[in-house]
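So the structure is just underneath, and the comments pick up after that.
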There are 2 protein chains.
Amino acid sequence: MAARGSPTITTIAEAAGVSIASVSRVLNGLPVRAETERRVLDAAGRLGYVPNSVARSLRSARTHQIAFAVEDIGNPVYLAMLREIQPLLKAAGYRLVLHSTGADTAEEVEVLRGLGQRYADGLIIVPIRVTDEHVAELRAVEAPVVVIGSLPGDGLADNVRTDSRRGVDMALRHLAELGRRRIGFINGPADTVPGGARSEAFRAGTARAGLTVEDGALHEGRFDRETGAEGVRRMAEGPAPMPDALLCANDLIALGALDALRARGLDVPGDVAVVGMDDTDLAAVSWPPLTSVSLGSAERGRHAARLLLDRLDSGAAPSAPRVVTVEPRLVVRASTGGARVVDNGSAAG
Amino acid sequence: MAARGSPTITTIAEAAGVSIASVSRVLNGLPVRAETERRVLDAAGRLGYVPNSVARSLRSARTHQIAFAVEDIGNPVYLAMLREIQPLLKAAGYRLVLHSTGADTAEEVEVLRGLGQRYADGLIIVPIRVTDEHVAELRAVEAPVVVIGSLPGDGLADNVRTDSRRGVDMALRHLAELGRRRIGFINGPADTVPGGARSEAFRAGTARAGLTVEDGALHEGRFDRETGAEGVRRMAEGPAPMPDALLCANDLIALGALDALRARGLDVPGDVAVVGMDDTDLAAVSWPPLTSVSLGSAERGRHAARLLLDRLDSGAAPSAPRVVTVEPRLVVRASTGGARVVDNGSAAG
DNA sequence: TTGTAAGCGTTATCAC
DNA sequence: GTGATAACGCTTACAA
């Protein structure tokens, strides 16, 4: 009869009539006598031995797990990152531990702190806000961390960012070229990292391009569809004339705006041109297909995974934190009536 | 100066001038003298002690991790499940380890086998196929497993399923009621669990409803958009008349079909009514909005998480495997021109 | 080549 | 109430 519970190297050793050290050697491909190897493999096979990864981890101080933390895995942007990250980690022999923290900043900090429990060898995190607490934890944490999104100051951690200001500029330039002059902006929370950057870029970019922004043409909410619909309602019902173009801080907001515009009988892009951001899968599916500023989510995910794996492999050589920047691209679709498919910003002014 | 590496209970014990047993007691809320508690907490706080979860796991044989395995986390159906499962696990104190196995059946079996390494306390898996190997592993595995999707025979594992045959029937009945008679069907791989069930249900359902299925009105591919577009192309270019209604085995296929129909100048639902399956977020976003058979993905995820947590909590009382069945619902949108929003099948025949 | 034994960081069982 | 100590399953000196 098999012993209670799963077999361990001790069980195998007894069954094979050798010591646990020999079992371990065979299992790890170290040199042993052929006869020993045969007996161990035989016993292991017969008893269905599987090494215990927890014990291995305790010994080696390596869990072969990497954590990935985002605000909401339902958001297509984060999903796009995950889809790139997951296969890269798997190929490198790591499992992926997924954290979906929710809007609460404290939970993000908690994830950072939780790394101290050593359940993972490293972390890729996309913080929605970066508070002093984030910074403090980032300094304290021992395991390698890659942050996706802008980080204050340098040298805090490996960092993958995108130039969302430039992305906003590309969108505004595109709209201006189409002859649009009265631009509206629907944003997510301005006190978040992406919300703040987009808000600031919108202000600067419209001024620079000589575009008009009416008082009522700014709306701030969350990064979801309801906010897009609500923003359009407010603008349509306000005293100012309806904008002839709408920049939305992400694709979800833009989809909500499209719905609300359709509900009011406004034509897109005839009456109002609409631009989203992130260029998620939804942009191609929506009607009309959505012009969107790609911030390279997939690419950022890929870079993040590479940076982290690199650090884990390179024998903890503690080199200086690295920063990778991904260029935004404008993907033009029917919601602005444009014909070009891609503007990578390299065309002459 | 702090010692090298993170502090352990040994470090704390030395700093506090007590034994490691006392440190452990304080940390676990066991009765100790007030003075001892103070000294330990003080030292722990000062040195930034964080318990090592790996060591804890080795001792307790509990990892507080649960694995979730699907074919492709990019598929909105699996994402919908994940979005329900993740918060439930988190609330119960478990981390989520995500596996995206890809189309390869062997990888699914590998995940099952990998559980033997004890890196997780349980597993929720959505197999795309169920081979003899799956069955064998399911029998052998010691940790609790919940399978989402139909399972051959009973008692193999806790199981959450849906009656996709009934779902197909509801869609066919809907189309028949709308006066459609020539029905086309675009399926994913028929040798998969969902593909097989849908194929069989389509055959039976059309016969029962007296609907016509032309030879060229069946297309089999993958569960993706390209397959939907390809299916429409084939049907349009074949000798048989174009179907006046199309059942697609999932929403992605349906979206591809919509694209291809539009490209050929065919009106939906005027010329061809289209029904998808899974009722993912995409169905509401597409144009026209897509009528779809909801198979309760979110609900299935929730049930699966509950079943598993239940088993983990109930002190390993090895009760008989349980089966939960989720009822399909037809969600009618513009792609079939219908007006009803939901048909839960309870209406009189 | 092989076995003995120490140690990874905990928890829990003993005596005291 | 507290401290020494064994044990969880594994890898790896060190001896033989």
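None of these values were measured; they are calculated from a predicted model. Every heavy atom of this structure was used, including side-chain atoms; hydrogens, water molecules and symmetry mates were not. Chain letters run A, B, ... following the sequence lines, proteins first, then strands; residues in each count from 1.
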Give a yes/no on whether any side-chain N or O of [X] is located under 4.0 angstrom from OP1 or OP2 of [N].
X	N	result
A:Asn52	D:dC8	no
B:Arg56	C:dT11	yes
A:Ser22	C:dG3	yes
B:Tyr49	C:dT10	yes
B:Ser24	C:dT11	yes
B:Arg25	D:dG1	no

For this session: May I ask you to decide if A:Ala80's main-chain N or O and A:Ser297's side chain share a donor-acceptor pair within less than 3.5 Å?
Result: no

For this session: Please confirm whether the backbone N or O of A:Gly149 pairs with a side-chain atom of A:Asn159, one donor and one acceptor, at under 3.5 Å?
Result: yes

Exercise. Side chains of A:Leu308 and A:Asp158: closer than 4.5 Å at any heavy-atom pair?
Worked result: no

Exercise. Taking atom types as they are modelled, is there a donor-acceptor pair under 3.5 Å from the base of D:dA7 to the side chain of B:Arg59?
Worked result: yes

Exercise. When the nearest nucleotide of DNA chain D is assigned to B:Ser19 and to A:Val50 on a heavy-atom basis, which residue is associated with the more 5' position?
Worked result: B:Ser19

Between [N] ([atom2]) and [X] ([atom1]): distance, integer Å:
X	N	atom1	atom2	result
A:Arg118	C:dG9	CZ	P	9 Å
A:Ile9	C:dG7	CD1	C1'	13 Å
B:Ile20	D:dA4	CD1	P	9 Å
A:Asn28	D:dG9	CG	P	17 Å
B:Glu14	C:dG9	CD	P	12 Å
B:Leu30	C:dT11	CG	C1'	10 Å

Exercise. Taking the inter-plane angle between the rings of A:Tyr94 and A:His64 on a 0 to 90° scale, is it parallel (under 30°), tilted (30 to 60°) or perpendicular (over 60°)?
Worked result: tilted

Exercise. So what does A:Val54 touch, heavy atoms closer than 4.0 Å: a base, only the sugar-phosphate, or nothing?
Worked result: nothing

Exercise. Rounded to the nearest 0.5 Å, how far apart are CG of A:Leu41 and CD1 of A:Ile12?
Worked result: 10.0 Å

Exercise. When you match A:Ala55 and B:Leu27 each to their closest nucleotide on DNA chain C, which lands nearer the 5' end?
Worked result: A:Ala55

Seminar exercise, completed: Contacts of B:Leu58 and A:Thr36 projected onto DNA chain C by closest heavy atom; the upstream (5') one is A:Thr36

